Protein chains: 2
Amino acid sequence: MARLPLYLRALNGMAERGIATVSSEDLASAAGVNSAKLRKDLSHLGSYGTRGVGYDVEYLVYQISRELGLTQDWAVAIVGVGNLGRALANYGGFVSRGFRVAALLDADPEIVGDDIAGLNVEHIDELEAVIKRRGVSIVVLATPAAAAQELCDRVIAAGVTSILNFAPVVLSVPDTVDVRKVDLSIELQILAFHEQRKADRMSGGPLMAVDSQ
Amino acid sequence: MARLPLYLRALNGMAERGIATVSSEDLASAAGVNSAKLRKDLSHLGSYGTRGVGYDVEYLVYQISRELGLTQDWAVAIVGVGNLGRALANYGGFVSRGFRVAALLDADPEIVGDDIAGLNVEHIDELEAVIKRRGVSIVVLATPAAAAQELCDRVIAAGVTSILNFAPVVLSVPDTVDVRKVDLSIELQILAFHEQRKADRMSGGPLMAVDSQ
DNA sequence: AAGTGTGAATACGTTCACAGCA
DNA sequence: TGCTGTGAACGTATTCACACTT
């Protein structure tokens, strides 16, 4: 379920603040969903709540982490060390929960050899070797659009089946491979759309349906 | 519709390659969706296709751009000029289609005054003034989690109603405000979940349902 | 009394399949 | 003939509402 990470984050916050037990109502509002949905989601993992009481925070953190596969640690390679790749390498959120940046790779000889976030940037020629040697199972593509598909193919050929793509292209992959895409300009375009509708509503008439999140 | 930006990108690519007309089938596969869905999406904008022929690429680009509000230009302020903020400021995709980075703001005196992507980083104290003076209507929050809610409140008080949030927190906002959230570690967690299921499938038994994208 | 777990009802998005138009 | 536009069928996700447990 795509919402488990959200619940997990809310629960971690509560655990830090020493909260031992939480109701579906409270956890749901902390995660920004409604309580029936939350209960249904959690019920898929098993019956981890106690009627009349709520959920044990620590226990639920463990169960969700296990479900998400965060009890093991995943080696991540970042391909493309431009501004975005650098930001990702420095992003604390990766290291904190089960992810380890195991390699930074780039094609630019200016960048290869630099130290970023304690890691040495390696040449893209090493891609296949690095993936195998370090057991990389998730690759983050932060390359220009033009290079993304080719690198994607190489990464898949090297055995990776999970890719997080920041390049603004639709990657074509076999359906054994999971791709998630983050497209910054698409996010902005959706906001602009909503912004425009608000402006329209002030004056002339609107025309079509919206979606949220 | 959240998929219009996807179609738009595919269409722009086709326009560049000099393709004048496209069928729902072809456009759908370029955008990575199925053709019935594409036709239904486009039909909400009006009847811009020609039966037996397809869609005129240029015309459809214009119609979608208009629908998304990209025929006007939007002033965007980036709040938080750490690694991610810097990456966003340098990201070409913003400038290209209707978005203009109008301000970079940060609290750190080390960073204030720096020139990044041709813009001077201003102090966060200037936030409200800058928003008003430059007609900023979309704000990108790229701050640490701890600072996000407070800055979000200030931004809303200054009249902004569209926020793109990169900080790993659920922002609480009035429902007149649109927030889109990009959470890098959540994307990775979802990939890890799928990765684990693949591993499980090899050996023991799986347990629950999955979702895609 | 409080709050989970879950069938039943509802809403939503997707896909099918084809009538109708160029 | 080819392809759009769209009702109808379908499947899935969300929400309701309450029986049941602690």
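Nothing here was measured: the structure is a model prediction, and the numbers come from that model. Sequence lines set the chain letters: A, B, ... in the order given, protein chains first and strands last, and positions in each chain run from 1.
At distances below 3.5 Å, not a single donor-acceptor pair connects side-chain atoms of B/Glu25 with backbone N or O atoms of B/Ser35.
For the pair B/Asp56 CG and C/dA22 P, the interatomic distance rounds to 16 Å; values are reported in whole Å. In this structure, A/Asp41 atom CG and D/dT15 atom C1' are separated by 12 Å, rounded to whole Å. Put simply, NZ on A/Lys40 is 7 Å from C1' on C/dG7, counting in whole angstrom units. The separation between A/Leu60 atom CG and C/dG5 atom C1' is 14 Å, rounded to whole Å. Between the NE2 atom of A/His44 and the P atom of C/dG5 there is a distance of 12 Å, given to the nearest Å. The distance from atom CZ of A/Arg51 to atom P of C/dT4 is 10 Å, rounded to the nearest whole Å.
Contact annotation: the side chain of B/Phe99 approaches that of B/Leu70 to within less than 4.5 Å [non-hydrogen atoms, C-beta and beyond]. Looking only at side-chain heavy atoms (C-beta outward), A/Asp178 and B/Phe193 stay at 4.5 Å or farther from each other.
Residue B/Tyr55 places at least one side-chain N or O under 4.0 Å from the OP1 or OP2 atom of D/dG5. Applying the 4.0 Å criterion to OP1 and OP2 of D/dG5, one finds that B/Ser47 has a side-chain N or O inside that range. Between B/Ser24 and D/dT4, a side-chain N or O to OP1/OP2 separation shorter than 4.0 Å is present.
Using modelled atom types, one finds no donor on one side chain facing an acceptor on the other under 3.5 Å when comparing A/Ser137 with B/Glu195. No hydrogens or angles considered: nothing links the side chains of A/Asn12 and A/Glu16 as a donor-acceptor pair under 3.5 Å.
Of all nucleotides listed (D/dT14, D/dC20, C/dT14), C/dT14 comes nearest to the side chain of B/Arg3.
Heavy-atom distances under 4.0 Å link DNA chain D to A/Asn34, A/Ala36, A/Lys37 of residues 25-37 of chain A, given in residue order.
Ranked by how close their nearest DNA chain D nucleotide is to the 5' end, A/Arg39 and B/Leu42 are led by B/Leu42.
Residue A/Leu84 is tested with B/Asn90, B/Leu88, B/Leu84 for a side-chain contact (heavy atoms from CB on, under 4.5 Å); the sole match is B/Leu84.
A pairwise comparison of heavy atoms in A/Val170 and B/Gly32 identifies CG1-CA, 4.4 Å as the closest pair.
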